[in-house]
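For reference, the structure discussed in these notes is given below.
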Amino acid sequence: MSQQQISLPAKLINGGIAGIVGVTCVFPIDLAKTRLQNQRQGQQVYKSMMDCLIKTVRSEGYFGMYRGAAVNLTLVTPEKAIKLAANDLFRHHLAKDGKGLTVFKEMMAGCGAGMCQVIVTTPMEMLKIQLQDAGRLAAQQQKPVMMSPTKLVATNTMLSRSYNSCTVVSAPRAVSATQIAKELFQTQGIQGLYKGLGATLMRDVPFSIVYFPLFANLNRLGQSNPGESSPFYWAFLSGCVAGSTAAVAVNPCDVVKTRLQSLNKGSSEEAYNGVVDCVSKIMRKEGPSAFLKGAGCRALVIAPLFGIAQVMYFVGVGEYIVDNSPLNLLSA
């Protein structure tokens, strides 16, 4: 791939189409992952991924599983396009000597891709999480909880606080991603949309460092000759295996990112002051196993998502569209 002429528009189209198709297929599982990760000990509303999805359909309807899908579908195109195109670009420049890339150089290319994508990923995740987690907060408020009179008074006081104070609201607000973005921008400026940037970098950079070299080497095993492309089914399986492996490896960082980016909290759920504070409080109050919450869901989300992405990439859908676009035909 490094010796081929890179067509940036084609790579962007491939990444965009793959992102839209993949997100549409696996978004309900991603919603379950977010809700499971935000649960605290003693306040579990959902027991498993299937339990979460069943309860979501019962309480919010079928389309409740797609809360936050609009913002994800809107921003996943530039996010996936940047990620895949940046990795391809870095690999191209690191292999200018004509030799194959070493594992270290493949990791460096992945690192660069991960750092580029957070420009879009952070605000996308920030808005998506608020919409995905709203149903869990509503279900938690309806669930009867035994409290002492003193704690009950304190909780009632907390219920009166505002949305931006990161505490409980007495009734779930039917807000859109646009409303949340506008409110964050007005109250906190652009940095409000980039809350959890450090945790996002901690998740996405190691993910890309693991994913891209692992995929490249797995995909190479399916090539009959060094110069040929692997079959599309092998590209799909390589993307699935590499994606799920990288997803589970960085799941602790994903838990921290989800907790930091959740603006609304349920009863007795505390806020965190940065990555270190979040990690220490989770470790102290919930134990090491809390960092693996939603790992199975995340693997199920990422595996087909990147499998589909790599199929689109290697089949060359973007190249076909660019080659047959009106502007290209006119220039020919």
Side-chain angles (χ1 to χ4, degrees), residues 1-27 69-98 100-101 105-106 108-121 123-124 204 207-208 211-213 215-216 218-220 222-240 242-243 302-332:
M1 187 189 303
S2 62
Q3 295 177 354
Q4 296 172 1
Q5 183 66 32
I6 291 180
S7 171
L8 186 59
K11 304 304 179 188
L12 295 175
I13 292 169
N14 282 330
I17 294 174
I20 291 171
V21 173
V23 166
T24 303
C25 295
V26 301
F27 193 83
V71 66
N72 215 27
L73 288 169
T74 302
L75 295 178
V76 75
T77 299
E79 190 248 0
K80 285 290 176 285
I82 289 170
K83 186 186 189 83
L84 295 173
N87 177 71
D88 209 23
L89 194 65
F90 286 128
R91 288 176 66 89
H92 177 74
H93 285 289
L94 288 170
K96 277 189 172 179
D97 56 1
L101 287 174
K105 284 187 176 181
E106 289 178 335
M108 290 299 294
C111 177
M115 294 182 72
C116 289
Q117 79 169 85
V118 296
I119 298 170
V120 177
T121 304
M124 178 184 76
D204 289 347
F207 178 92
S208 297
Y211 172 77
F212 284 111
F215 169 77
L218 288 174
N219 191 59
R220 199 173 293 127
Q223 297 174 348
S224 54
N225 294 309
E228 296 180 1
S229 297
S230 59
F232 80 93
Y233 68 86
W234 192 268
F236 176 79
L237 290 174
S238 299
C240 289
I302 296 297
L305 188 63
F306 278 86
I308 293 168
Q310 293 301 345
V311 169
M312 293 288 181
Y313 220 55
F314 284 90
V315 166
V317 177
E319 284 82 352
Y320 177 81
I321 293 173
V322 170
D323 289 343
N324 291 277
S325 65
L327 289 174
N328 196 62
L329 291 173
L330 287 173
S331 61

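Heavy-atom basis, side chains included; hydrogens, waters and symmetry copies ignored.
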Derivation and outcome, side chain to side chain contact (heavy atoms under 4.5 Å, CB included), residues Tyr211 and Ile302: CA-CA 11 Å; Tyr211 172 77; Ile302 296 297; 6.0 Å; no

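Here the straight-line distance linking atom CG of Asn219 with atom CZ of Phe236 works out to 13.5 Å at 0.5 Å rounding. Once rounded to the nearest 0.5 Å, the distance linking SG of Cys111 with CG of Asp204 reads 11.5 Å. Taken from CG in Asp88 to NE2 in His93, the straight-line distance is 10.0 Å, to the nearest 0.5 Å. To the nearest 0.5 Å, the span separating CE on Met115 from CZ on Phe90 amounts to 9.0 Å. Here the straight-line distance linking atom CD1 of Ile308 with atom SG of Cys240 works out to 8.0 Å at 0.5 Å rounding. Atom-to-atom distance recorded for Phe232:CZ and Leu237:CG is 9.5 Å, nearest 0.5 angstrom.
Ser208 pairs by the side chain to side chain donor-acceptor pair (under 3.5 Å) definition with Lys83, not counting sequence neighbours. Listed by chain and number, the residues in a ring-ring contact (aromatic ring centres under 6.0 Å, His included) with Phe212 amount to none (sequence neighbours excluded). With sequence neighbours left out, the salt bridge (Lys or Arg N to Asp or Glu O under 4.0 Å) criterion links Glu79 to no other residue.
Here the closest non-hydrogen pair linking Asn87 and Gly110 is OD1-N, 3.6 Å. For Ile82 against Val120, the heavy-atom pair with the smallest separation is CD1-CG2, 3.7 Å.
Using a distance-only test at 3.5 Å, with no hydrogens or angles considered, a donor-acceptor pair links the side chain of Trp234 to the main chain of Leu218.
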